[in-house]
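Some notes on the structure that comes next.
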Amino acid sequence: MKLLFLAAISALLSACATQIPSANDSTAIITFQNSTGDLLMANKVNGISVDNGRYFSVSPGNNKLEVLITSGTGQESSYAMFATLEYSDFAADNTYEMRIMDKGFQKSLQLIDRTGSLLSERAL
């Protein structure tokens, strides 16, 4: 578990040197809003591993996104898990955001559009 957490942090830090691309006529971009205690990283799009864990670049239409969620600082109370979220209406030249919403004892993974509207949600 500790090794997975350290690998995730290492990958995130090495990816910081590259800039997140802008959405364009053929792709949409999904970035992450990380909250205190939780770190989201891109892992796979439609079953294919991504090169940079800081964002997703997807084609329009239906896409299945897999993220790595880590929490804590590597102590026993920390965890790492994978979660998937599928959305069928990604539009080219648009940006989206994924975030963890903490509702008391229940957390969920959410996909938000640029206007702040909730598009998809998955309980964790």
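If you take CZ on F82 and CE on M41, they are separated by 9.5 Å, rounding to the nearest 0.5 Å. Within the model, atoms CG of L111 and OG of S117 stand 11.0 Å from one another, a figure rounded to the nearest 0.5 Å. We find the OG1-NZ distance between T84 and K44 to be 11.0 Å, quoted to the nearest 0.5 Å. The CZ atom of R114 lies 13.0 Å from the CD atom of E97; values are rounded to the nearest 0.5 Å. To the nearest 0.5 Å, the span separating OG1 on T95 from CD1 on I29 amounts to 9.0 Å. From L39, atom CG reaches atom CD1 of I69 across 10.0 Å, with rounding to the nearest 0.5 Å.
Distance alone, capped at 3.5 Å, is enough to place a donor-acceptor pair between the N34 side chain and the L40 backbone. Looking at Y87, its side chain never comes within 3.5 Å of a backbone N or O of L65 through a donor-acceptor pair. Side-chain atoms of N46 come within 3.5 Å of backbone N or O of K64 as a donor-acceptor pair. A donor-acceptor pair under 3.5 Å is absent between the side-chain atoms of N94 and the main chain of F90, judged by distance alone.
Applying side-chain contact (heavy atoms from CB on, under 4.5 Å) to L124 and the options D102, L109, D38 leaves one that passes, L109.
Criterion: ILVMFWY side-chain heavy atoms under 4.5 Å apart, direct or through other members. Under it, V67 and L119 are part of a common hydrophobic cluster. Residues V50 and L85 are members of one and the same hydrophobic cluster, defined by side-chain heavy-atom contacts under 4.5 angstrom among Ile, Leu, Val, Met, Phe, Trp and Tyr.
Not counting sequence neighbours, the partners of F56 by the ring-ring contact (aromatic ring centres under 6.0 Å, His included) test are F32.
With no hydrogens or angles considered, a side-chain donor-acceptor pair links S108 and E121 at under 3.5 Å. Under the 3.5 Å distance criterion, with hydrogens and angles disregarded, a donor-acceptor pair is assigned to the side chains of N62 and E86.
Taking 4.5 Å as the limit, every side-chain heavy atom of T27 sits out of range of all side-chain heavy atoms of V58.
Counting all heavy atoms, side chain and backbone alike, A28 lies closest to A23 at CA-CB, 4.4 Å. Here the closest heavy-atom approach between residue Y96 and residue A91 is recorded as OH-N, 2.9 Å.
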